[in-house]
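This report refers to the structure that appears directly beneath it.
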Amino acid sequence: MTQTDIIKLLPDSVANQIAAGEVIQRPASVVKELVENSIDAGATSVEIIIRDAGRTLVQVVDNGKGMSPTDARMAFERHATSKIAAADDLNSLRTMGFRGEALASIAAVAQIDMRSMRPGDSVGTRLIIADSKVESQEAAACAPGTNLMVKNIFAYLPARRKFLKKDSVEFSHIVHEFERLALVNTGVDFTLIHNDVTLHQLHRSSLKQRITALFGKSLDHQLIPVETESSIVRISGFVTLPQYARKRGAHQYFFVNGRNMRHPYFHKAVLNCYSELSSSDTQPCYFINLEVEPERIDVNIHPQKHEIKFEDEQAIWQILCAAIKEALGKANASGAIDFDSDDAPDIPFFDPDSSGLQPGADVDTSYNPFEVSRPYTPPVDHDWQKLYEGFCGRVGDTAPDAGGSRLVASRLGGNADSVETVCSRLNSSTDDVPPPPPEVDLGLGFDTLATATPMFTLHNRVIVTPTKSGLMLVDRHRAHVRVLYEKFSRQLGEGDVQSQQLLFPEAVELSPTGSVALQTFSQELCELGFDMAYLGDNTWNITAVPSMAAGTDAGELLMRLVEQLDLSGEARESLLMPVAISMARAAAVKADTVWSHAETESLLYELLALPTPDFTPDGLTIIRTITNQQLDNMFE
């Protein structure tokens, strides 16, 4: 008996659902496809309305060129598109879409209600689709453009719907997609509304203005422009200064011809430019746009069109590296001794009429170098203690006391004898030596503090101390952040966390993205000692903080925490670092705080006992060294 044929053609509805699995992965995918269609239609204003993180509704309203009744129906057929007409058109693409699969895929997994009208028409059309089937189409009054509502996503695919994450996570993906679309289309007005709350309302602007509108004004002084042009590629955009590199949550965006893309090879090129300027475990923010001839790239290699192949990939790598290094060089991003921090003191202008202290000089006027008969007199042995006290007095510090300890030899670049030698010289000419401070148990492998350590704090900000190899400068605030971070992260990791109720609850208004971040991790943050309530309009009320952060500014702590949160994570462990570093920054010593010599010395010991004392947890430089060779060069 002959076996019957077993290969059959799948129905269109099943084929559409299979295709939808590649194109539509979550509500954020719907936002991406619909907004890109609006951009291709020439829209200058796009409004995105979301309900229940996209589960119930994703609505996109634009003022584009709209569609005729026939085009509106044809748009939901597979491989129906107005973007290309022949295979050769793929070599000259300047539109976001071209496959004709997005609307058909969306209609296969959700309910569609669309109204559309061309600017010259007197009446538009309304189309209702469910489960890939057209239920009705009729004339309707509507504004020029297209208003497309996608309801109950994955309603016909329960298995897909149950794998959606909680609303806060799904909405965070929508926010990220919105950011990508808004960054690459700066000539379009964007509005994002979630559950009747307007989160973003962006007007047409420059790229830099759009960046600060999305991610906060603090980025404004961190960005440096990148600009270059060659016969192969034109590169424009911004990168951040090395000192603002982040361990997590870095904003990193590549665009090519107005299209978002991911490109690991070019990403590595950017990181290569920062390899010697920031910590290896941090990454910079960048917003880089590449403009190349369409025929020299291939965008048709990924269903979601995120990945792109370049014909001149290696050449663009070299041009990109050169452009970024040139931008960093112009911004003096390397080689500076000073620390770049928000609490840096202002340097006053020089006033020639002021009566400030002037350095004194003892000149022996009786000496005549041409008098051959004059016997040789050895140079005067200066009183180093008085010179040192005078220097400290000029910068507003007190002279060093005698109680301290030799610094860790490995950290100071030599043995302790060299430090003690300097100490003895500093203290040899004074009889009134204050008693040593009580012994301090640091709990980090050091026994006690003993013998004086020559150091002082410049402008209550930078700790200065000699080493065998030169002069070590330590940013006091950042050093304290590093030490507190290690303490807090250890306590959080061990679960040793209790809440401290605030005497007066504090209301804090956050950015829309920051509010989404707190909603995403609200339960996990409560487990770590926070107690917060959402008041609406991106405002949160703080009633308790972790006990280890008691005494800090609760509002400042929350703002710092929001900057550190990574919306892509869900596990409790992903919160430990941002919570610890936020509390450390809020609790660390401020620039105007006066510390005793013993406090400063204790901090320095605790810092140098850490495995990595050179950088803060988020990659900012703590220690700089002026070598002996550099000092020699200064004075020739």
Side-chain angles (χ1 to χ4, degrees), residues 243 336-348 356-357 359 384-408 411-413 419-420 422-423 425-427 430 433-438 440 442 444 446 449-485 584-610 613-616 620-627 631:
Q243 58 265 34
I337 293 297
D338 196 19
F339 302 92
D340 299 306
S341 64
D342 296 336
D343 54 0
D346 292 329
I347 300 176
L357 281 173
W384 291 102
Q385 176 68 22
K386 292 182 178 180
L387 287 176
Y388 188 69
E389 288 178 351
F391 180 71
C392 292
R394 288 176 61 192
V395 298
D397 291 338
T398 59
D401 57 39
S405 169
R406 67 184 66 185
L407 294 176
V408 182
R411 296 296 187 200
L412 295 181
V419 178
E420 289 183 342
V422 178
C423 295
R425 294 183 65 189
L426 289 174
N427 294 281
T430 177
V433 180
V440 179
L442 299 176
L444 293 170
F446 295 93
L449 297 177
T451 70
T453 299
M455 68 173 65
F456 64 92
T457 305
L458 183 63
H459 298 309
N460 292 322
R461 179 180 176 225
V462 178
I463 303 171
V464 183
T465 187
T467 69
K468 182 178 180 180
S469 60
L471 197 64
M472 184 170 68
L473 310 179
V474 180
D475 187 294
R476 187 182 66 171
H477 173 75
R478 293 182 183 177
H480 202 198
V481 168
R482 180 80 223 188
V483 170
L484 290 177
Y485 168 79
R585 287 205 170 278
V589 60
K590 301 299 186 287
D592 56 349
T593 303
V594 179
W595 267 13
S596 68
H597 182 79
E599 290 175 310
T600 302
E601 192 173 48
S602 178
L603 172 65
L604 192 58
Y605 266 112
E606 293 186 75
L607 174 71
L608 297 179
L610 300 176
D614 298 317
F615 297 94
T616 63
L620 300 181
T621 301
I622 298 175
I623 299 174
R624 297 275 192 181
T625 301
I626 306 177
T627 65
L631 290 171

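Note that these values count all heavy atoms, side chains included, but never hydrogens, waters or copies made by symmetry. Index from 1, following the sequence.
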Taking every heavy atom of M472 against every heavy atom of L604, the minimum-distance pair comes out as CE-CD1, 4.3 Å
If I take atom OG1 from residue T621 and atom CZ from residue F615, how far apart are they, to the nearest 0.5 angstrom? 4.5 Å
Can you find a heavy atom in the side chain of T593 that is under 4.5 Å from one in the side chain of N460? no
Would you give the length of the straight line joining atom CG of D614 to atom CG of L607, rounded to the nearest 0.5 angstrom? 8.0 Å
Where M455 and T600 come nearest, the two heavy atoms and their spacing: SD-CG2, 4.0 Å
Kindly determine whether L603 and E599 satisfy side chain to side chain contact (heavy atoms under 4.5 Å, CB included), including the steps that lead there. CA-CA 6 Å; L603 172 65; E599 290 175 310; over 6 Å; no
How long is the span from the CG atom in L631 to the CD1 atom in I626, to the nearest 0.5 Å? 6.0 Å
What is the distance from atom CZ of R482 to atom CG of D475, rounded to the nearest 0.5 Å? 14.0 Å
Are any side-chain N or O atoms of R585 and backbone N or O atoms of V481, one a donor and one an acceptor, separated by less than 3.5 Å? no
Measure from the side-chain N and O atoms of R461 to the backbone N and O of R476, and report whether any donor-acceptor pair falls under 3.5 Å. no
Residue pair I623 / P613: nearest heavy atoms and the distance that separates them: CD1-O, 3.9 Å
Just how far is it from atom NE2 of H597 to atom CD1 of I463, taken to the nearest 0.5 Å? 10.0 Å
